[in-house]
Amino acid sequence: MKERFTISMDNDLASWLDRLCDEKIFSSRSHGIEFCVMQIKKMDIEKVVLLHWGKEEVEPVFLSKKNERMRFE
């Protein structure tokens, strides 16, 4: 069973997602968002660090056990 909920998204991202749906890469916005969230979940994220580059520029860095192994091996 799927849960229905509402999200807000930047206009440029929504346009990009709509283009992917138009190109039949995703069957719907929901399908595209679900796919992206599943990919992030597969990364086995343990922590998120936010890097502040400027007043409005923030970039998340995802840390997982896989990152630790790669860094030290």
Step-by-step side-chain contact (heavy atoms from CB on, under 4.5 Å) determination, Leu51 to Val58: CA-CA 6 Å; Leu51 301 177; Val58 178; over 6 Å; no
message: Val48 vs Val61, test: side-chain contact (heavy atoms from CB on, under 4.5 Å). Steps then yes/no.
response: CA-CA 6 Å; Val48 177; Val61 175; over 6 Å; no
- prompt: Which pairs, with at least one residue in residues 1-22 and sequence neighbours excluded, count as a side-chain hydrogen bond (donor to acceptor under 3.5 Å, both in side chains)?
  reply: Lys2-Glu34, Asp18-Arg29
task: Search all heavy atoms of Gly32 against all heavy atoms of Leu17 and return the closest pair with its distance.
output: CA-CD1, 4.0 Å
Would a single hydrophobic cluster contain both [Y] and [X], if residues Ile, Leu, Val, Met, Phe, Trp and Tyr are joined by side-chain heavy-atom contacts under 4.5 Å?
X     : Y     : result
Met9  : Val37 : yes
Met38 : Ile45 : no
Ile40 : Ile33 : no

Straight-line distance of Ile7 CD1 to Ser30 OG, nearest 0.5 Å: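 The CD1 atom of Ile7 sits 8.0 Å away from the OG atom of Ser30.
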- request: Classify the ring geometry between Phe26 and His31 as parallel (under 30°), tilted (30 to 60°) or perpendicular (over 60°).
  value: perpendicular
